Structure formats: C-alpha cells, structure tokens
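The next block holds one structure in the form of structure tokens; read it before the comments.
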Amino acid sequence: MAGVSASALVEKQLAVATQIIEQQIDAEIERLETLDADDLDAIRRDRLAAMKQREQKKQDWIYNGHGEYSELHDEKDFFETTKKSENVVCHFYRDQFLRCKIVDKHLNILAKKHIETKFCKINAEKAPFLTERLSIRVLPTLCLVKNGKTKDYIVGFTDLGNTDEFSTEVLEWRIGRTDVIEYNGDLMCPPVSSGPGMKMNVQKKKTIRGGRRGDSDDSDSDY
C-alpha cells in the first residue's frame with residue numbers, strides 16, 4: 001500500500017512540474033506574440049552585434065595561434081602567451097616520457113575543437129624557472145591558466161581515470177571543470193569511457209592561488 005502511495009505522489013509531482021513548464025512556455029509564446037516590429041528589430045540588432053563580436057574574437061584567436069597545438073620555445077614565450085590569450089592550457093613535458101606523447105595526441109584534437117583556448121606545450125628542461133615557480137614535480141602536468149592566473153593543474157593521469165586509455169572526452173571534461181574551455185556537457189558527471197581500469201575521482205572544482213606540491217602515484221614520472 002505504501003508503494004502505491006509513493007508512486008501516486010511521484011506522479012502528482014511530475015504532473016505539477018509538467019504544468020509549470022507548460023505555463024512558462026505559454027507565457028514565453030505570449031510574450032513573443034505581443035512584440036511589435038521595433039522590439040523584433042532590437043532583438044535582431046542585438047543578435048547581429050553578438051555574432052559580429054564573436055566573429056571578431058575568432059579572428060583574434062586565430063591571430064594569436066589558437067586552433068593548433070603549438071610548441072613554446074622558452075619561458076618568455078609562456079608569459080607572452082598567457083598575456084595574449086584569456087584561456088591557456090600548457091603541457092609541461094619531456095621527450096623521454098611516453099605519457100607526454102599520449103597527452104600530445106589528445107591536446108592536438110582539443111586545440112582544433114576549442115578555438116577559444118590556446119593549447120601549447122613547453123619542454124620542462126628548457127623552463128627551469130617556471131617548473132620551480134609552479135612547483136612542477138611530475139610529468140606530464142597541464143597548467144590551466146585564465147586571465148593570466150594559474151587556476152588549476154592536471155598532474156599525471158590520476159584525474160583522468162588512472163589509466164593510459166582515457167578518452168579525449170574525459171580530458172576535455174577535466175579541463176572544462178576549470179572553465180578554461182567552453183564545455184557544454186555536465187561538469188559534475190564525467191563522460192562514459194570504456195577504458196580498462198577506468199576509475200574517476202570527481203572532486204570539487206578548485207582554484208590554485210599559490211604554490212603546489214607535486215603529488216603523484218607510482219604510475220607517473222617524477223621530473
């Protein structure tokens with residue numbers, strides 16, 4: 001009997017929710033129907049201005065090297081890049097590390113998809129000041145920068161399911177949680193991955209304000 005009552009309560013709640021949504025839709029339709037020509041022209045002008053602004057941004061991004069995964073030659077390049085681009089994903093790597101090459105493969109894809117963000121990499125051996133300043137102890141490490149400030153780090157593959165077989169979508173989701181790309185999915189729920197040994201650890205989004213320690217597990221490479 002209790003089960004029937006619970007089911008009836010759920011149905012009643014769904015009916016109420018549906019009614020509210022229908023009322024909201026009806027109200028929006030009514031609002032649109034009452035718009036006069038001047039209102040519609042204003043909406044068109046606003047949309048056109050937004051489209052032009054977005055197109056100008058795209059041109060600026062392309063001019064600054066967005067849309068491709070590029071190599072930074074030295075620390076000066078890093079600072080110039082973070083000044084020119086609002087959103088930056090920088091991969092600190094070493095040629096000898098296989099896992100850095102795995103990251104390269106995924107970032108090549110994401111750079112083309114997320115033109116709003118600058119994707120780049122820098123050889124940690126050529127950036128001793130940066131690696132010390134940012135307390136980078138494990139490679140690969142992704143430094144996620146927004147408006148010239150370091151927001152977060154992705155250290156090794158721990159946040160990516162603790163496996164070499166993580167998907168590009170998983171890395172995209174993890175970067176999206178720091179708001180340095182325009183991510184359209186559910187930030188609280190990682191995309192489904194069939195990679196062996198996949199174990200996601202969803203943590204609250206955080207901001208890095210100062211130094212950091214280079215935590216790692218046995219599978220990551222100490223720099």
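All of these numbers come straight from a predicted model, not from anything done at the bench.
- Using a 4.5 Å cut-off on side-chain heavy atoms (C-beta onward), Leu110 and Ile181 make no contact.
- Side-chain atoms of Lys126 and Asp74, non-hydrogen and from C-beta on, never get closer than 4.5 Å to each other.
- A 4.5 Å side-chain heavy-atom check between Thr117 and Ser85 finds every atom pair outside the cut-off.
- In this structure, Val103 and His106 have side chains that are not in contact, with every pair of non-hydrogen atoms separated by 4.5 Å or more.
- For the atom pair Thr168 OG1 and Ile175 CD1, the distance stands at 10.0 Å (nearest 0.5 Å).
- A donor-acceptor distance shorter than 3.5 angstrom exists from the side chain of Ser167 to the backbone of Val170, with no hydrogens or angles considered.
- Between Thr150 and Thr82, every side-chain heavy-atom pair lies at or beyond the 4.5 Å cut-off.
- Between His114 and Phe119, the ring-plane angle classifies as tilted under the 30° and 60° cut-offs.
- In this structure, Glu125 and Gln96 have side chains that are in contact, with non-hydrogen atoms separated by less than 4.5 Å.
- In this structure, Phe78 CZ and Lys121 NZ are separated by 16.0 Å, a value rounded to the nearest 0.5 Å.
- When all heavy atoms are compared, the tightest approach of Trp173 to Pro190 is CE2-CA, 3.6 Å.
- Nearest heavy atoms, Leu187 versus Tyr183: CD2-CD2, 3.4 Å.
- Aromatic ring orientation, Phe79 versus Phe129: tilted (interplanar angle from 30° to 60°).
- Closest non-hydrogen pair, His91 versus Pro140, comes out as NE2-CB, 3.4 Å.
- Between Lys118 and Ser70, the side chains place a donor N or O and an acceptor N or O closer than 3.5 Å (distance only, hydrogens not considered).
- With a 4.5 Å cut-off on side-chain heavy atoms, Glu132 and Arg137 count as touching.
- Rounding to the nearest 0.5 angstrom, the gap separating the OH atom in Tyr69 from the CG atom in Asp104 is 4.0 Å.
- Closest heavy-atom contact between Lys146 and Val180: CB-CG1, 4.0 Å.
- Glu182 contributes atom CD, which lies 12.0 Å from atom NZ of Lys113 (distance to the nearest 0.5 angstrom).
- The hydrophobic cluster containing Trp61 does not contain Leu144, counting ILVMFWY residues as joined when their side-chain heavy atoms lie under 4.5 angstrom apart, directly or transitively.
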Check against side chain to side chain contact (heavy atoms under 4.5 Å, CB included), Thr141 and Thr131: CA-CA 10 Å; Thr141 286; Thr131 55; over 6 Å; no
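- The distance from atom OG1 of Thr178 to atom CD1 of Ile154, rounded to the nearest 0.5 Å, is 6.5 Å.
- Cation-pi contact between Arg99 and Phe97: absent, since separation from the ring centre below 6.0 Å together with deviation from the ring axis within 45° is not met.
- Other residues, nucleotides and ligands contribute at most 12 non-hydrogen atoms within 6.0 Å of the CG atom of Asn184.
- Taken to the nearest 0.5 Å, the CG atom of Leu139 stands 9.5 Å off from the CZ atom of Phe92.
- Inter-residue side-chain proximity for Leu142 and Tyr153 is flagged as unmet; no heavy-atom pair is nearer than 4.5 Å.
- Arg174 and Glu169 are not joined by a salt bridge, as no carboxylate oxygen comes within less than 4.0 angstrom of a charged side-chain nitrogen.
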